[in-house]
Protein chains: 2
Amino acid sequence: MNDTATLQTPAPAEPKTLVEAAYNRLRRDIIEGVHPPGEKLRVEHLKDQYEVGAGTLREALLMLVTDALVVGQGQRGFRVAPISLADFEDITRTRVLLETEALRQSIARGDEAWEAALVAAFHRLSRAEQKLAEHDVSTTEEWEVRNRAFHEALIAACPSRWIRHFQHILYQQSERYRRISLFRQPIPRDIHAEHQAIFDTTLAHDATRATSILSEHILRTLDAVKRMPSDFFTAKTAR
Amino acid sequence: MNDTATLQTPAPAEPKTLVEAAYNRLRRDIIEGVHPPGEKLRVEHLKDQYEVGAGTLREALLMLVTDALVVGQGQRGFRVAPISLADFEDITRTRVLLETEALRQSIARGDEAWEAALVAAFHRLSRAEQKLAEHDVSTTEEWEVRNRAFHEALIAACPSRWIRHFQHILYQQSERYRRISLFRQPIPRDIHAEHQAIFDTTLAHDATRATSILSEHILRTLDAVKRMPSDFFTAKTAR
DNA sequence: TCAATATTAAATCTCGAGATTTATACAAGC
DNA sequence: GCTTGTATAAATCTCGAGATTTAATATTGA
């Protein structure tokens, strides 16, 4: 396999409409914290910034409501969804519930094609983590993409579209917390060991251990946030 | 308590914007099968039918995408979400997963106010089921409202907003299946016994039995649909 | 000085017309 | 006869301006 340094992940489908393009850009900016939690999203200002019509931007905002990244309040416009420790704890625990069940089903019903794709995703992730260990910070963004791809590959064989749908939303949410909390501090080294363990037990069809390790893997991010300064969320959500 | 025949359920908040009004009407029509699964939703036609502007109707459609009652395909307009036996099975099993977990947490953390509200909701539901047993068909619609209210009251003390959010979406989905399948055939009598058992075990804080009974209660609707003619879904989704 | 009201400004919501894209029908060619 | 290509028609997507609602400011009275 030609896995060079610039290996690409499967294309995420080009946006064919202006609404989708604005939606993608806005989503990215919200997840990356360009628009902080609680910020008022005024259509009049944003339509210039994103070079698009007013109605078009409104539709993009409505699509973001679907992802729960934006909240719309009747006749009082839109806001970036606020954040809180309680919310992140909720997101994390619900993720554990859904993702472990998805992995269980995936292991039970996954075929060889699923295993092959999982091996490939893990290999890509490992490469990125290897570079990260070598202090190649430029790989951080690529690591995030591949980490997500790995987690999705794990549960790809889960036949429940609904579980995968909800998992997708929650993962997106937790990604926003990770970026904003700027505990995007260097990814700890032992995280690769965790991924390795999840990968091994999953391929061995050991559902019990795999889900157990996955649980702790997800919950670990929760502990990290709980060690943040206590006024962190109130400060971010203010105004 | 003044529980007369015309007892009302807590008001569902009046829509203050045209978009919300159109959204509510459209949602209702889709759930009730006025717009069958797979039907193309042409903005030009619907804007007259719902007496609203084109852009306004588009926004209402986007809001329905959030509920997964409508699917939007890039540059090719909107459609009513299709149905299938596999989808209903998925919805039902995911509902069991979420609703049992929610009930577990609700029992663990519910206070007296929660218990009081649950008693009230169960009482209202019992009244409706009593009338239904007397062949008073006019109560069917009110029963559906109260049944939903009862299920929500069960998990009202669950602290997870996300689980409740997802549960809300799934309940809405299964309600559409129930109506469309017109196995809105007379509600079987022993359903009250099931509700009674769920209610009793929940109030007794017996989480194990309560969740077990709730599981079977939800799964029972799945068996009913599986006995439908095999071409039912293909016929409905056609075109 | 504080509370309540009236006035002003801003932002949202709403609408219909124009520009692009997609789907359909028909004819020509292999 | 079937496929390919073109032309027509329909529907969607996009935009900016006008009507309503909400928020902010200034004024008046106690």
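Values below: all heavy atoms of this structure, side chains included; hydrogens, waters and symmetry mates excluded. Chain letters run A, B, ... following the sequence lines, proteins first, then strands; residues in each count from 1.
Nucleic acid contact class of Leu41(B) (heavy atoms, under 4.0 Å, all strands): sugar-phosphate only. Gly72(B) comes within contact range of no nucleotide atom at all, as no heavy-atom separation falls under 4.0 Å. Nucleic acid contact for Leu57(A): none, since no nucleic acid atom lies under 4.0 Å from a heavy atom of the residue. Here Gln75(A) lies in heavy-atom contact (under 4.0 Å) with sugar-phosphate atoms only. Residue-level contact check: Gly77(B) touches the backbone only, with heavy atoms under 4.0 Å from sugar-phosphate atoms and none from bases.
Note on ring orientation: taking the six-membered ring where Trp is involved, the planes of Phe166(A) and Phe166(B) are parallel (angle under 30°, cut-offs 30° and 60°). Ring-plane geometry between His165(A) and Trp162(A) is classed as perpendicular, the angle between the planes exceeding 60 degrees on a 0 to 90 degree scale with a lower cut at 30.
In the displayed structure, Glu112(B) atom CD is contacted under 6.0 Å by at most 12 heavy atoms of other residues, nucleotides or ligands. Heavy-atom contacts from other residues, nucleotides or ligands closer than 6.0 Å to CD of Gln49(B) number more than 12.
Computed from coordinates, the Glu59(A) CD to dT12(C) C1' distance equals 15 Å when rounded to whole Å. Taking atom CZ on Arg79(B) and atom P on dA11(D), their separation rounds to 13 Å, with Å as the unit. Spacing between atom CD of Glu44(A) and atom C1' of dA19(D) amounts to 14 Å, rounded to whole angstrom units. Per the geometry, CZ belonging to Phe78(A) stands 12 Å off C1' belonging to dA11(C), to the nearest Å. We find that CD of Glu20(A) is positioned 13 Å from C1' of dT21(C), with the value rounded to whole Å. dG16(C) atom P lies 12 Å from atom CG of Leu18(B), rounded to whole Å. Atom CZ in Arg42(A) sits about 12 Å away from atom C1' in dT12(C), given to the nearest Å. Spacing between atom CG of Leu62(A) and atom C1' of dT14(D) amounts to 16 Å, rounded to whole angstrom units.
Among the nucleotides dT14(D), dC15(C), dT12(D), the one closest to any side-chain atom of Lys40(B) is dT12(D).
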Problem set entry | Check against side-chain hydrogen bond (donor to acceptor under 3.5 Å, both in side chains), Ser160(B) and Arg93(A) | CA-CA 9 Å; Ser160(B) 170; Arg93(A) 296 196 183 281; over 6 Å; no

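When the side-chain nitrogen and oxygen atoms of Thr56(A) are compared with OP1 and OP2 of dC15(D), one or more of them lie within a distance under 4.0 Å. OP1 or OP2 of dT14(D) lies within a sub-4.0 Å distance of a side-chain N or O belonging to Thr17(A).
Comparing Val19(B) and His45(A) against DNA chain C, the residue whose closest nucleotide sits nearer the 5' end is His45(A). Judged by closest nucleotide on DNA chain D, Gln73(B) is the one of Arg76(A) and Gln73(B) placed further toward the 5' end.
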